[in-house]
J.: 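The structure is given below, and queries will be raised subsequently.
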Number of protein chains: 2
Amino acid sequence: MTENTTDSKKTGTKQKILKVATSLFCELGYNGASIRKIASQVGIRESAIYNHYKNKEEIFLEVSKEIFSSPFSTEDNDVREMAMKGKAFLNKFVMQYKLLTFDKNNENMFRLLMIELLQNAELREQFMTHFHDKNIKVLSEGFFIMMQNDLIRSQDPMVISYEFLSTLFYIRLQVTLLRFDAKSTNHLSTMFEKHLEFFWESIKI
Amino acid sequence: MTENTTDSKKTGTKQKILKVATSLFCELGYNGASIRKIASQVGIRESAIYNHYKNKEEIFLEVSKEIFSSPFSTEDNDVREMAMKGKAFLNKFVMQYKLLTFDKNNENMFRLLMIELLQNAELREQFMTHFHDKNIKVLSEGFFIMMQNDLIRSQDPMVISYEFLSTLFYIRLQVTLLRFDAKSTNHLSTMFEKHLEFFWESIKI
DNA sequence: GTCTATATTTGGATAGAC
DNA sequence: GTCTATCCAAATATAGAC
């Protein structure tokens, strides 16, 4: 009765495997993170892993689910309301994105995403659906509403959504690459704000 | 005397190894492209590979050199001259980029780049230097000249270069992902032009 | 659920004959 | 330069005892 308070209460071990696997996959990629290393870091033998997961691929796919569970976009409910505020809507989006970019966990996730994106078809599908399409949809809705309210120039909402999102993505990639080599990202930390400024000046009426 | 007319005339086999390796690395990444597979596809035994290359890493590094040898940016010499023409300068840049995006060879190179970017420090360095910095430099120069000639609004050239380049990169990534899964890229083939239109309208005076 | 032991495969690399 | 044969290491995965 008291167990299963959270909807999926896994064995401690299973959870630990997932946690360790996430960390190792993020750091080393799919091939680099061997069952050996995972088991060793969990503190069990390789064979014991197979009591919890069918194979390595199954572990990876469970890990990859978390990549897109992060709040990659504003919640759909208040898009209309927020969009009426124009720049504030975009500002919120940018700041959420910036937060994700500099968050240690999400940084690792993003790294894993980029490593496996070209090697795992299911991951590509997830990326297109849960990252790209989802964000373009939210942004397009926002821009459409702004146009209706004469806050911005009338244009194809899809096109400007693309413009807006792509720069955020590219900044994030840059940050990830630099941090991977422990290089400074100072000059990039203000890029998010500069992007917002440039963009708003470009589209506002 | 008649041999070595091109500066590095390799053995037919060595060239074939490089060609096959390039193709396999692009398709499968570093780990996926095994010496076994390379040798097999070349039509020789694994051991024979080692008559031409010290080890696998040496093959990969020779392959990766080609990634950035492609004309990733406009030639430096005529930047000033072209920039005076304003939009035409950007148009040339975009069209070159579009050409690369849909060129089969460069497509494979880009794929390899994305696969190994997060796993190979030397490649990251090359990416930053030969792709990002180089392009930002060329664009910044161009935008600076345009500002001097009152063709565009006065702004930080670096920032708008970033804005301009990032969208091109993102479109290219999208195209690469879609083509990998043999999906249609029709809706993206005009994105390059739309990007140029949006961007020019945003910055022109 | 975990262990030991082991099967099996794959990959990188070398030695030495031709 | 290529071949056969072989080595070694690492990785995924399974069987069966506890």
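Each chain gets a letter, A, B and so on, in the order the sequences are listed, and its residues count up from 1.
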J.: Given the ring of A/Y30, does A/K56 sit roughly above its face, with NZ or CZ under 6.0 Å from the centre of the six-membered ring and within 45° of the axis?
T.: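 Yes, a cation-pi geometry.
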J.: If you measure from CE on A/M84 to CD on A/Q148, what distance do you get to the nearest 0.5 Å?
T.: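 Going from CE on A/M84 over to CD on A/Q148, the span is 9.0 Å.
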J.: Whole angstroms only, please: what is the NZ-P distance between B/K37 and C/dA13?
T.: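 Rounded to the whole Å, the gap is 16 Å.
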J.: Return the value, rounded to whole Å, for the distance between atom NZ of B/K14 and atom P of D/dG1.
T.: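 It is 9 Å, rounded to the nearest whole Å.
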J.: What is the distance, to the nearest angstrom, from the CZ atom on A/R45 to the C1' atom on C/dG1?
T.: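 Computing the A/R45:CZ to C/dG1:C1' distance gives 14 Å.
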J.: Can you establish whether the number of heavy atoms outside A/F144 located under 6.0 Å from its atom CZ is more than 12?
T.: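 Check fails, neighbour count at 12 or below.
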J.: Rounded to whole Å, how long is the line connecting atom OH of B/Y53 with atom P of C/dG12?
T.: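 Atom-to-atom, B/Y53 to C/dG12, this comes out as 16 Å.
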J.: Test of understanding: with side-chain hydrogen bond (donor to acceptor under 3.5 Å, both in side chains), list the residues that count as partners of A/E27, not counting sequence neighbours.
T.: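 A/E27 satisfies side-chain hydrogen bond (donor to acceptor under 3.5 Å, both in side chains) with no residue once adjacent residues are dropped.
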J.: In this structure, how many angstroms lie between the C1' atom of C/dG11 and the CD1 atom of B/I59, rounded?
T.: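 In whole Å, C/dG11 C1' lies 13 Å from B/I59 CD1.
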J.: Using side-chain hydrogen bond (donor to acceptor under 3.5 Å, both in side chains) as the criterion, list what pairs up with A/E107, not counting sequence neighbours.
T.: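 Partners of A/E107 by the side-chain hydrogen bond (donor to acceptor under 3.5 Å, both in side chains) criterion, ordered by chain and then number, come out as A/R111, A/R179.
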J.: Taking only nitrogen or oxygen atoms into account, show me every contact under 3.5 Å that the protein makes with nucleotides 12-14 of chain D, one pair per line with its distance.
T.:
{"unit_1": "D/dT12", "atom_1": "OP1", "unit_2": "A/K56", "atom_2": "NZ", "d": "2.8"}
{"unit_1": "D/dT12", "atom_1": "OP2", "unit_2": "A/I35", "atom_2": "N", "d": "2.7"}
{"unit_1": "D/dA13", "atom_1": "OP2", "unit_2": "A/Y50", "atom_2": "OH", "d": "3.2"}
{"unit_1": "D/dA13", "atom_1": "OP2", "unit_2": "A/K56", "atom_2": "N", "d": "3.2"}

J.: Between B/K85 and B/D78 (salt bridge meaning N to carboxylate O under 4.0 Å), is one present in this structure?
T.: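 Salt bridge between B/K85 and B/D78, a charged N being under 4.0 Å from a carboxylate O: no.
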